[in-house]
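Structure, as structure tokens:
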Amino acid sequence: MTVYLGTHGKVELKRAFDGGVLSSTIKPDDVNVTAKRFSFDFDHGQLLTGDQIEITSTDGSALDFIDSYTDSSVKKFIYVDELDGIRLYDSFAHAVTGGKTNATSLAAPGDDIPVEVEVKNSSYRVIAQVNSFEINTERETVDTTTLSDEFRQRVNTLISGSGRISAFWEYTGDTTNELPNYMMELALRTQVGSNFEGRFYLKVKDYNPSGVADRSNDEIWYQANGIITAAAVQFAPDNTVQITADFITTGEIQLRMDLETADNTLTEGGDEVVLDQDDTANLELDSDE
């Protein structure tokens, strides 16, 4: 009988909106070409550093506040400063680092541009510094008393479970993973929802206490869409600063298993699948950055 330790689990998170969008207008005076920075009216905390957003003009006009850009829609990562000014970047790492060097160049727009903005992150990222998590699939145990009446009525029929993530607090210094401070920010994103897509791993690759070689790369995880309902900080002079984030899950909770199999893809009868192609053909896989 094999015993698995929690030291080898992990939590992955993908940022998400609740289906809504932010509507505003980008005006010529909102664009600082020298600083590669622009702004528009939105409530503080609704767009967060590291978000990958899609900006679309609602009248079909070009987003000419971006230098040499002629399309009506663009998808970029963002850095949001303390005054809610925004810089655009091509990668998550550059966005969380900030600064002018790798920011997208801007241009003075010829006129006001009405826009809609939506978070469109396509990649899961590991939450750093997590020291524990729990997830349950019993609807009856879900506590919705922290939700407003309006919000409770809207999502109550979708609730499928709940859980909690605990982590050592950190807010900077990592350009690959999500930092725990993001969950604190997410809890305050009320206008467009404190939503996320999560993966909660029970077994990860290269952790194999069973000793069976074929099980080395197996991965087993819960996958669910969630909404942060509360976040708290535990702060004491003689202890580490820790945060906890409580969430409810909406929709289906799936228990997924990626079990190691042979490299060959076989038909139902056991024969290998052969691709019909000429010498110049390639099999190309779609991938995110």
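Listed by first and then second residue, the salt bridge (Lys or Arg N to Asp or Glu O under 4.0 Å) pairs involving residues 170-181 are Arg15-Glu178 (not counting sequence neighbours).
The environment of Asp41 atom CG is sparse: at most 12 non-hydrogen atoms of other residues, nucleotides or ligands sit within 6.0 angstrom.
Of the charged side-chain nitrogens involved, none lies within less than 4.0 Å of a carboxylate oxygen, so that Lys27 and Asp30 do not count as a salt-bridged pair. Salt bridge Arg164/Asp246: present, at least one basic N to carboxylate O contact under 4.0 Å.
You'll find the ring centres of Phe247 and Phe200 inside the 6.0 Å limit.
Applying the ring pair (Phe, Tyr, Trp, His ring centres under 6.0 Å) test to Tyr171 and every residue at least two apart in sequence or in another chain returns Trp169. By the ring pair (Phe, Tyr, Trp, His ring centres under 6.0 Å) test, Tyr79 pairs with no residue at all, sequence neighbours left out. A search for side chain to side chain contact (heavy atoms under 4.5 Å, CB included) contacts involving Asp111 returns nothing, not counting sequence neighbours. Here Phe65 pairs with Phe38 under the ring pair (Phe, Tyr, Trp, His ring centres under 6.0 Å) rule; sequence neighbours left out.
Alongside Leu5, the hydrophobic cluster contains Tyr4, Tyr201, Val204, Tyr207, Trp221 (criterion: ILVMFWY side chains under 4.5 Å).
Of all heavy-atom pairs between Ser194 and Leu188, the closest is OG-N, 4.4 Å.
Side chains of Ser210 and Asn208: a donor on one and an acceptor on the other come within 3.5 Å.
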